[in-house]
Chemist: 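Dropping the structure in here first, questions after.
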Number of protein chains: 2
Amino acid sequence: MPVGFAPRSVAWMITQKMKYALKALLVLGDAAAGPAPEPLTIEAVAKRSATPKRFLEQILLELRNAGMVSSIRGRSGGYVLTRKPEEVPIAALLRLIDGPIAPLQCLSQGAYQRCEDCTDEAACRIRKVFAEVYWSYLILIESLTLADLLASDDVARRVTAD
Amino acid sequence: MPVGFAPRSVAWMITQKMKYALKALLVLGDAAAGPAPEPLTIEAVAKRSATPKRFLEQILLELRNAGMVSSIRGRSGGYVLTRKPEEVPIAALLRLIDGPIAPLQCLSQGAYQRCEDCTDEAACRIRKVFAEVYWSYLILIESLTLADLLASDDVARRVTAD
DNA sequence: AGGAATCTCGACCTTGCCTGTCGGGTTTGC
DNA sequence: GCAAACCCGACAGGCAAGGTCGAGATTCCT
């Protein structure tokens, strides 16, 4: 079930962890949409999303700390979506799991950091060009929410994967 | 001069190597635009772009193997741009240095790979949603060339950085 | 009260990439 | 022939990605 080591073959690629997180949210989202909105156990989510259980455990914890899901402890515990899917932005998820989205540190809002060897940021041509592309891209991705994922009218409503 | 280890703080971020490559091409592009189109030595490029020399060596080698620059060996050797800047696509550079651009392997044209645990790709909601964002993004970045970088009418025409 | 099913938390491990460095070889100009 | 270039392969330190594990804390059920 574990994906082993599928070398990310580099930048721009979403991490495996992020894919697991998305799949987990899809499972929870589907469940919430059903008739019986009961909490799902980690085990159940792991099974339905083909995710290593112990790893998923960690991921759900992070999602909970970020307020995206809620947990119920004890005997008949489990996880539920806290917010409505439209209120779970994919961009926030990306930042949470995979870190800053910007192609350059010096373009990141939340994780800004001046580039060590850059003497004049305003005049940096690299920054300038990537900024334009980045802003356009950001608009696209900032508008995505879990609801878009869930809706995505698919033939078979599969969680399968990535 | 070396940037040490500036932890990429993760996916989506361009690598340091890519930044060096861009800076090197900027230096060569600027030189080519000047009056005396002489080849620049690795040393010269390293100095003007604040790049560790031995590392730059490797990078220029890769650029040469990809046909983006040409090298002249021997005593008064060096590097020159092989093509006109408009014919050096940034996307190709990204793929060369940083690997595939797609957010998921299963969306990559050149480096396609089925996701291990995906039973039905056509029905995968994750793939579907990211595909849309990706295609839009791809159009943006595929249209970028070195000429855009060079042009980027800057105040001071700095190569500084990233 | 006791046990079982859950979630919670922190530590640990392995693999491979990123960012360079180094030593030596080959070409060419003077 | 010497020196200034490029060429090429090996290697090393640090850290993130992708998991695994053991033990603790809660809650439900009987």
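These figures come from a predicted structure and were not determined experimentally. Order of the sequence lines fixes the chain letters, A, B, ..., with proteins taken first and strands second; residue numbering starts at 1 for each chain.
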Chemist: For nucleotides 27-29 of chain C, give me every protein contact, N/O to N/O, under 3.5 Å, one pair per line with atom names.
Modeler:
from	atom 1	to	atom 2	distance (Å)
C/dT27	O4'	B/Arg73	NE	3.4
C/dT27	O4'	B/Arg73	NH2	3.4
C/dT28	O2	B/Arg75	N	3.3

Chemist: Return a table of donor-acceptor pairs under 3.5 angstrom between the side chains of residues 59-71 of chain A and protein atoms on other chains or two or more places apart.
Modeler:
from	atom 1	to	atom 2	distance (Å)
A/Glu62	OE2	A/Lys17	NZ	2.8
A/Asn65	ND2	A/Leu61	O	3.4

Chemist: What residues, two or more places apart in sequence or in another chain, satisfy salt bridge (charged side-chain N to carboxylate O under 4.0 Å, His left out) together with A/Lys53?
Modeler: A/Glu43
Chemist: Could you name each residue pair satisfying ring-ring contact (aromatic ring centres under 6.0 Å, His included) that touches residues 29-58 of chain B, not counting sequence neighbours?
Modeler: B/Tyr20-B/Phe55
Chemist: Where along residues 89-96 of chain A does a heavy atom come under 4.0 Å from DNA chain C, residue by residue in number order?
Modeler: none
Chemist: Within residues 55-67 of chain B, find the residues that approach DNA chain C with a heavy atom at under 4.0 Å, and present them sorted by residue number.
Modeler: B/Phe55, B/Gln58
Chemist: Does a nitrogen or oxygen in the side chain of A/Ser71 sit under 4.0 Å from OP1 or OP2 of C/dT8?
Modeler: yes
Chemist: Among residues two or more places apart or on two chains, list those pairs meeting salt bridge (Lys or Arg N to Asp or Glu O under 4.0 Å) that have a residue in residues 65-75 of chain A.
Modeler: none
Chemist: Among residues at least two apart in sequence or on other chains, which ones pass salt bridge (charged side-chain N to carboxylate O under 4.0 Å, His left out) with B/Glu142?
Modeler: B/Arg95
Chemist: Does C/dG20 have OP1 or OP2 sitting under 4.0 Å from an N or O in the side chain of B/Tyr20?
Modeler: yes
Chemist: Among residues two or more places apart or on two chains, list those pairs meeting salt bridge (Lys or Arg N to Asp or Glu O under 4.0 Å) that have a residue in residues 100-110 of chain A.
Modeler: none
Chemist: Please name all residues satisfying salt bridge (charged side-chain N to carboxylate O under 4.0 Å, His left out) with A/Glu57, sequence neighbours left out, ordered by chain then number.
Modeler: A/Arg54
Chemist: Residues two or more places apart in sequence or in another chain: which of them pass salt bridge (charged side-chain N to carboxylate O under 4.0 Å, His left out) with A/Glu86?
Modeler: none
Chemist: Mind checking who shares a hydrophobic cluster with A/Ile72, ILVMFWY linked at side-chain heavy-atom distances under 4.5 Å?
Modeler: A/Val80
